[in-house]
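To start, the structure under review is shown below, and the notes come after it.
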Amino acid sequence: MEKAKTHRSVIPYLLALRPRQWTKNLIVFAAPLFSFQLDIATWLYSALAFALFCGLSGSFYLINDSLDVESDRRHPTKCKRPIAAGLVPVSHALAMAGFLLVSTITLGWRQAPMLGVTLVAYALLQVAYNLKLKHTVILDIVAIATGFVLRAYSGAAASGISLSAWFLLCTAMLALFLGVEKRKAELRLSQLSSAKPRKVLSRYSMALLTRIESTVTTGAIMCYALWSSGPIVGGAPTPWMLLTLPFVLYGIFRYQLLSDPDEIGRRHSSADFGGKTERPEEVLLTDRPMALIVLGWVTSAMLILFLYQQGIVN
């Protein structure tokens with residue numbers, strides 16, 4: 001009985017770290033994939049970077065939820081978060097955040113100085129985002145995108161991989177795309193619910209976000225297409241990576257569908273006012289077509305890599 005009670009008391013603390021959002025940190029494995037590295041050591045170092053980013057991002061979720069506890073209690077879905085619901089005291093949340101912040105940066109720095117620098121840069125970005133950038137139009141989206149780029153770079157920093165400019169460009173464009181889609185869903189949420197929207201949303205409109213979306217979508221597709229064209233443009237080791245382009249195209253179009261206001265209206269429910277793209281982590285976890293697209297891309301990329309290493313394709 002006592003053990004079960006302890007187990008139940010621990011769960012809210014784990015949920016306060018928002019483990020469902022840790023799927024965002026899977027992007028740390030993009031570096032070894034894009035650089036065609038399959039050795040165990042590289043993937044173990046990337047796994048370490050993943051774990052450290054889960055801990056570091058969790059610390060800022062705790063801080064953010066502690067600072068926004070009153071506004072979260074008035075939000076239709078955020079009111080269910082452990083801190084807003086009163087299941088985790090603010091003092092406990094801040095103590096956990098401090099421990100995770102110090103320990104993750106220390107471990108990262110001991111593994112590789114550049115990994116430590118990346119973690120510090122991410123921490124400073126989160127401080128700037130929570131204090132100022134999330135209230136500043138355009139820069140809020142850039143800050144979200146920069147967080148994804150730092151995650152992706154950490155996978156290389158942990159294992160000493162040299163990244164190409166194409167990798168950073170692809171990551172930046174796709175990260176900007178995710179940031180725009182998140183704001184579109186949040187704007188839709190503010191239009192459908194009675195909750196008071198964040199001030200920065202008043203500076204956005206669907207028309208503006210759609211124009212920005214068009215620009216970054218084109219950039220993401222062109223960057224990936226050029227990288228996958230092969231060594232002739234300083235991209236992937238083999239032009240056979242062009243076979244993975246359909247997965248990227250369909251994935252982007254599917255994500256746009258999920259963030260479309262009309263599609264959100266058709267799928268509308270009291271639990272999902274703004275659509276899944278308000279919470280990017282929900283897309284991979286709950287949308288089966290997107291999960292299949294990611295699985296298809298990873299499988300095809302790994303197969304091409306294996307065939308390339310065996311000398312079967314050039």
ask   = Is it true that Asp140 and Arg203 make a salt bridge, defined as a side-chain N closer than 4.0 Å to a carboxylate O?
value = no
key: Trp240 atom CH2: more than 12 heavy-atom contacts under 6.0 Å   = no
ask   = Will you find, in the side chains of Ser71 and Asp68, an N or O donor that is under 3.5 Å from an N or O acceptor?
value = no
request  = Determine, stepwise, if the pair Leu242 / Ser229 fulfils side chain to side chain contact (heavy atoms under 4.5 Å, CB included).
outcome  = CA-CA 6 Å; Leu242 278 169; Ser229 297; 4.2 Å; yes
query = If you take all heavy atoms of Val233 and Leu226, which pair is closest and at what distance?
reply = CG2-O, 3.0 Å
message = Taking the ring centre of each residue, are Phe177 and Tyr255 less than 6.0 Å apart?
response = yes
task = Using the ring pair (Phe, Tyr, Trp, His ring centres under 6.0 Å) rule, take Trp166 and Tyr224 through it: C-alpha gap first, then chi angles, then the decisive distance, then the call.
result = CA-CA 8 Å; Trp166 287 120; Tyr224 187 85; over 10 Å; no
request  = Please indicate whether Leu131 has more than 12 foreign heavy atoms, meaning atoms of other residues, nucleotides or ligands, lying under 6.0 Å from its CG.
outcome  = yes
query = Ring centroid separation for Phe29 and Trp43, is it under 6.0 angstrom?
reply = yes
key: Atom of Leu187, atom of Ser205 and distance for their closest heavy-atom approach   = CD2-C, 3.7 Å
inquiry  = Side chains of Met96 and Ile63, heavy atoms from C-beta outward: is any pair under 4.5 Å?
reply    = no
request  = Report yes if the distance between the aromatic ring centroids of Phe50 and Trp22 is under 6.0 Å, otherwise no.
outcome  = no
request  = Please report the closest heavy-atom contact between Val200 and Lys134, naming both atoms and the distance.
outcome  = CG1-O, 3.4 Å
request  = I would like to know whether Arg18 and Asp65 meet side chain to side chain contact (heavy atoms under 4.5 Å, CB included); could you show each step before the answer?
outcome  = CA-CA 10 Å; Arg18 301 194 209 173; Asp65 288 353; 2.4 Å; yes
ask   = With a distance cut-off below 6.0 Å to the six-membered ring centre and an angular limit of 45° from the axis, does Arg151 pair with Phe148 as a cation-pi contact?
value = yes
request  = Dump the intermediate steps for side chain to side chain contact (heavy atoms under 4.5 Å, CB included) on Thr238 and Asn314, then the final yes or no.
outcome  = CA-CA 6 Å; Thr238 169; Asn314 297 318; 5.7 Å; no
note = Interatomic distance, OG@Ser164 vs CZ@Phe167, rounded to 0.5 Å, equals 8.0 Å
task = Please indicate whether Ile40 has more than 12 foreign heavy atoms, meaning atoms of other residues, nucleotides or ligands, lying under 6.0 Å from its CD1.
result = no
message = With a sphere of 6.0 Å drawn around OH of Tyr122, does it hold more than 12 non-hydrogen atoms of other residues, nucleotides or ligands?
response = yes
inquiry  = Do Phe253 and Leu178 land in one hydrophobic cluster if side-chain heavy atoms of ILVMFWY residues count as linked below 4.5 Å?
reply    = yes
message = Would you say that more than 12 heavy atoms from the other residues, nucleotides or ligands in this model lie under 6.0 Å from the OH of Tyr13, or not?
response = yes
task = Of all the heavy-atom pairs spanning Pro231 and Pro237, show the shortest one and how long it is.
result = CD-O, 3.5 Å
message = With rounding to the nearest 0.5 angstrom, report the CD to OG1 distance, Gln126 to Thr146.
response = 10.0 Å
request  = Would you please say whether a donor-acceptor pair under 3.5 Å links the side chains of Tyr61 and Gln21?
outcome  = yes
remark   = Interatomic distance, CD1@Ile138 vs CG@Leu133, rounded to 0.5 Å, equals 12.5 Å
task = Show your reasoning for whether side chain to side chain contact (heavy atoms under 4.5 Å, CB included) applies to Leu56 and Leu100.
result = CA-CA 6 Å; Leu56 184 59; Leu100 288 171; over 6 Å; no
Interatomic distance, Leu139 atom CG to Tyr129 atom OH [nearest 0.5 angstrom] = 11.5 Å
